[in-house]
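A short write-up of the structure that comes next.
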Amino acid sequence: MPELPEVETIRAGLEPHLVGRTFEHVEIADPRLTRPQDPVEIAAELTGETVEALDRRGKYLVVRFESGRVLLIHLRMTGSLLLLQNGTAEDAYRRAVVRLDNRSDVAYRDVRRFGTWLLLEPGELEPYLATRIGVEPLGRSLTVTSVVDRLAKRKAPLKALVLDQRLFAGVGNIYADEALWWARLHPLRPGHEVSRQELRALVKGIRRALRLGIARQGATLRDYRGADGAEGAMQTEFRVYGQAGKPCPRCGHEIEKTRVAGRGTWYCPSCQH
DNA sequence: CTTTTTCCCTGGACGC
DNA sequence: TGCGTCCAGGGAAAAA
């Protein structure tokens, strides 16, 4: 499932092929993709737009056009963007294709059809994101003090808070579990009970998990692929995620699985407090 | 405002 | 072989 490291890997892989290119033809096969916007209208509006930059905010891909418009893409669970250099093999899960002015195609693939494309007019991006996501966890704006302030009155379990996109934009279920393991923090600890020292460890843990994920080009469990179709290698680095019954790589105690905030949650009951 | 629950989707794993 | 059930989970929206 694409989280910050996976989206960043796709962004970096696509950027050199997209920037400066013009969308020559756009086909949207799944009307759900642009809901509530009309797919035929959106395809027509995108045609002729020239890419100025490809950015990422949280788990969103931000395609900025020279016109000032933005195509905001969210891959959700199984979305992927593949650069097709020549020839296009059949793919039952291809939901959209963009032909660029250099004859190459960018194909959007999504088995479970949760992903979304949203076309925004100039000036609409910032207010749209402002209500949905907070600062970048790998950026300078995320400080221990800001986290202390924002968690002070929160009774929700740490796992739920780490997954909150307004607190840690881009962290999903995999990296949340990995970050809590690095920080030696129990996923069920209420936010307001966590000391400043521990929150410092949490911030470090989140950054460490995300950086490792980026370095390994993301985690491929089933569907995730980079823009070039390559699998990531982060799944070989998991300390706890999906590791129930295996020994904790730090203390050797058996990793346990539970359910927090409706999500599968893996942790070491011995060294995470 | 915070927190919880439901829903959207499909395919793979598993039990019988 | 086939069928039913559960699980994976990000975020919108509704409910509590």
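All of these numbers come straight from a predicted model, not from anything done at the bench. Chain identifiers are assigned alphabetically (A, B, ...) following the order of the sequence lines, protein sequences preceding nucleic acid strands; residue numbering begins at 1 within each chain.
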Students often get this wrong, so: under 4.0 angstrom with heavy atoms, is A:Gly262 touching a base, only sugar-phosphate, or nothing? nothing
Taken in chain and number order and not counting sequence neighbours, the residues that satisfy side-chain contact (heavy atoms from CB on, under 4.5 Å) with A:Val148 are A:Val144, A:Arg196, A:Leu199
OP1, OP2 of C:dG11 versus side-chain N and O of A:Gln165: anything below 4.0 Å? yes
Compare side-chain N and O positions of A:His74 against OP1 and OP2 of C:dG11 and report whether any pair is under 4.0 Å apart. yes
Using a 4.0 Å cut-off on heavy atoms, which residues in residues 125-139 of chain A reach DNA chain B? List them by number, or say none. none
Residues, nucleotides or ligands: over 12 heavy atoms within 6.0 Å of A:Arg250 CZ: yes
Extract all donor-acceptor atom pairs below 3.5 Å that involve side chains of residues 115-135 of chain A and protein atoms in other chains or at least two apart in sequence.
| residue | atom | partner | partner atom | Å |
| --- | --- | --- | --- | --- |
| A:Glu121 | OE1 | A:Arg69 | NE | 3.3 |
| A:Glu121 | OE2 | A:Arg69 | NE | 3.2 |
| A:Glu121 | OE2 | A:Arg69 | NH2 | 3.4 |
| A:Glu124 | OE1 | A:Glu121 | N | 2.8 |
| A:Tyr128 | OH | A:Arg132 | NE | 3.4 |
| A:Thr131 | OG1 | A:Tyr128 | O | 3.3 |
| A:Arg132 | NH1 | A:Tyr128 | O | 2.8 |

Please list, by residue number, the residues of residues 147-162 of chain A whose heavy atoms come closer than 4.0 Å to an atom of DNA chain B; answer none if no residue qualifies. A:Arg154, A:Lys155, A:Ala156
Taking the side chain of A:Tyr93 as its heavy atoms from C-beta onward, which of C:dG10, B:dT10, C:dC7 lies nearest to it? B:dT10
Run the ring-centre check on A:Tyr175 versus A:Phe168 and record whether the distance is less than 6.0 Å. no
Does A:Arg95 reach a base, just sugar-phosphate, or nothing at all? Heavy atoms under 4.0 Å. nothing
Please list, pair by pair, any protein nitrogen or oxygen found under 3.5 Å from a nitrogen or oxygen in nucleotides 6-9 of chain B.
| residue | atom | partner | partner atom | Å |
| --- | --- | --- | --- | --- |
| B:dC8 | O3' | A:Arg32 | NE | 3.4 |
| B:dC8 | O3' | A:Arg32 | NH2 | 2.8 |
| B:dC9 | OP1 | A:Arg32 | NE | 2.3 |
| B:dC9 | OP1 | A:Arg32 | NH2 | 3.4 |
| B:dC9 | O5' | A:Arg32 | NE | 3.1 |
| B:dC9 | O3' | A:Arg113 | NH1 | 3.3 |
| B:dC9 | O2 | A:Arg112 | NE | 2.9 |
| B:dC9 | O2 | A:Arg112 | NH2 | 3.4 |

Among residues 185-195 of chain A, which ones have heavy-atom contacts with DNA chain B below 4.0 Å? none
